[in-house]
Number of protein chains: 2
Amino acid sequence: MEFPSTPFDDSNISKEREVGGRIDKRKQIEGEVKEYKSKNLIPERNRRQKLNERLLELRLLVPNITKMTKETIITDAITYIRELQTNVNSLSEQLLEMEATHAEELETKNEEIIDKWGIQPEVQVAQIGTTKLWIKIVCQKKRGGFTKLMEPMNVIGFDLNDTSVTASKGALPVTSSVEVVRSGITEANQIREILLEIIRGIQRN
Amino acid sequence: MEFPSTPFDDSNISKEREVGGRIDKRKQIEGEVKEYKSKNLIPERNRRQKLNERLLELRLLVPNITKMTKETIITDAITYIRELQTNVNSLSEQLLEMEATHAEELETKNEEIIDKWGIQPEVQVAQIGTTKLWIKIVCQKKRGGFTKLMEPMNVIGFDLNDTSVTASKGALPVTSSVEVVRSGITEANQIREILLEIIRGIQRN
DNA sequence: ATGCACACGTGACAC
DNA sequence: TGTGTCACGTGTGCA
């Protein structure tokens, strides 16, 4: 990284360079030695210095500097800001688009799977009492599927009461309140897995 | 949107304001009326004007301006640039991360599906000659699956030669060169769909 | 020599 | 009253 040119500097400050060519000339003309200083002099010097410091700081922040002129520093900063703004815009656009396509792709994949393999079985199990469960099952409708689903549950040791089956197109939602009659299994998640396996078996055959 | 304060302006240019307090004083002192103008005067005016224009342009580009001071314009621009830079960084990071998680999620979903339903059947069909096809099938390995796959193909009217079956764990890759003996179906994609349906039927039962 | 960029000191002006 | 910001014209050095 090399700077294109020498920057402006304040190193001449209070050097004995004939600054502004002002004081000295006046001295020559008037023949006086009265060194008048404006009360503004020092604050103004500080102001200029601070401004230049800020300018250098800005220059440090902006890459691809062409020249070290005050004007070009600002101009380059302007183009750089524009660049950054468009970058931010395009990036957030990409992000949103990607989010959308992501969701869409997942949806497409789900549809594709349903199309190929039928509805993905869904099982919720909630333990109500010590021996009581609430179960919700959604699986693909199939000929004789309901009895095929109920049979193994009896085998496992579940006693169903208050079972509601709402027939919908393609899907078979079942909610049931279950009394666990003879079974050591009481952990909801475990029961859920077992039911899922049963349903998959039915759905495959 | 309201500007916080009056901007600096160049409207005083060439007004009869005792600029710099310089010329007039000199006139008073020397008693002459010679209106000396530095050759630098006009270019310097233009330079200042351009610089201020740039400064205003910069100010226009930066939101959340606190004051209209030259220094604050630059300072605000600096903080704004920093802000934009961090924005760009975080956005591109998010983008990359999202890309990664996206791919990962799809992969997870695929694995999940394979775990639940077995390998997704994959069929490629390429027509070589008028009655010759090249077929590649990858499906889940199953007991008696191969013969179950071959039978219906004979029924459809395919005559298999140069069939290669490479047994792999879980998967059953089959590549085959097929002579279409008695069948009106010659469109590759159509054949592909039929084969897929057959495989799905096998995989379900 | 010609133009350009700069720092300088100053008066004016606003708050 | 001061305190801060500005535009101005200028002299200087650099390319």
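Hydrogens, waters and symmetry mates are skipped; everything else that's a heavy atom, side chains included, is used. Every chain is numbered from 1, with letters handed out A, B, ... down the list of sequences.
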Query raised in the report: Whole-Å distance between C:dC4 C1' and B:Ile42 CD1?
Result: 15 Å
Query raised in the report: Rounded to whole angstroms, how far apart are CZ on A:Arg47 and C1' on C:dC8?
Result: 12 Å
Query raised in the report: Which residues pass the salt bridge (charged side-chain N to carboxylate O under 4.0 Å, His left out) test with B:Glu193, sequence neighbours left out?
Result: none
Query - Length of the line joining B:Glu71:CD and D:dT3:C1', which is rounded to integer Å - result: 15 Å
Query raised in the report: Are any of A:Arg45's side-chain N or O atoms less than 4.0 Å away from OP1 or OP2 of C:dA7?
Result: no
Report task. Under the side-chain hydrogen bond (donor to acceptor under 3.5 Å, both in side chains) rule, collect the residues that match up with B:Thr163, sequence neighbours excluded. Result -> B:Ser176
Requested in this report: Among the candidates D:dG9, D:dA7, C:dA7, find the nucleotide nearest to the side-chain atoms of A:Asn52.
Outcome: C:dA7
Query raised in the report: For the side chain of A:Ser38, counting heavy atoms from C-beta on, which of D:dT5, C:dA7, C:dG11 is nearest?
Result: C:dG11
Query - Side chain of B:Thr69 - closest among D:dC6, D:dG9, D:dT12 - result: D:dC6
Report summary line: B:Lys67 NZ to D:dT3 P, in whole Å, measures 15 Å
Report task. Rounded off to whole Å, could you give me the CD1-to-P distance for the B:Ile74 and D:dC6 pair? Result -> 10 Å
**Report entry** Nucleotide of D:dT10, C:dA7, C:dA5 approaching A:Lys70 most closely (side-chain heavy atoms)
**Finding:** C:dA7
Query raised in the report: Under the 3.5 angstrom rule, does the side chain of A:Ser177 hit a backbone N or O of A:Asp162 as a donor-acceptor pair?
Result: no
Query - B:Glu44 (side chain) and D:dC8 (base): donor-acceptor pair under 3.5 Å - result: no
Query - Shortest side-chain distance from B:Arg48, nucleotide among D:dG4, D:dC8, C:dA5 - result: D:dC8
Query raised in the report: Dot-bracket for DNA chain D, 5' to 3', with Watson-Crick and G-U pairs under 3.5 Å, [ ] for crossing pairs and | for other-strand pairs: what is it?
Result: .||||||||||||||
Report summary line: When rounded to whole Å, the CG to P distance for the pair B:Leu51 and D:dC6 reads 12 Å
**Report entry** B:Lys39 NZ - C:dA1 P separation (whole Å)
**Finding:** 9 Å
Query raised in the report: Separation of A:Leu41 atom CG from D:dT5 atom P, in whole Å?
Result: 16 Å
Report task. Name all residues meeting the salt bridge (charged side-chain N to carboxylate O under 4.0 Å, His left out) criterion together with B:Glu71; count only those two or more places apart in sequence or in a different chain, and write none if there are none. Result -> A:Arg54
Report task. Sequence neighbours left out, what passes side-chain hydrogen bond (donor to acceptor under 3.5 Å, both in side chains) with A:Thr86? Give chain and number order. Result -> none
Report summary line: Sorted by chain and number, sequence neighbours left out, salt bridge (charged side-chain N to carboxylate O under 4.0 Å, His left out) with A:Glu122 holds for none
Query raised in the report: Can you tell which of D:dG9, D:dC6, D:dT10 lies closest to the side chain of B:Asn40?
Result: D:dT10
Query raised in the report: Does some side-chain heavy atom of B:Glu111 sit less than 4.5 Å from a side-chain heavy atom of B:Glu107?
Result: yes
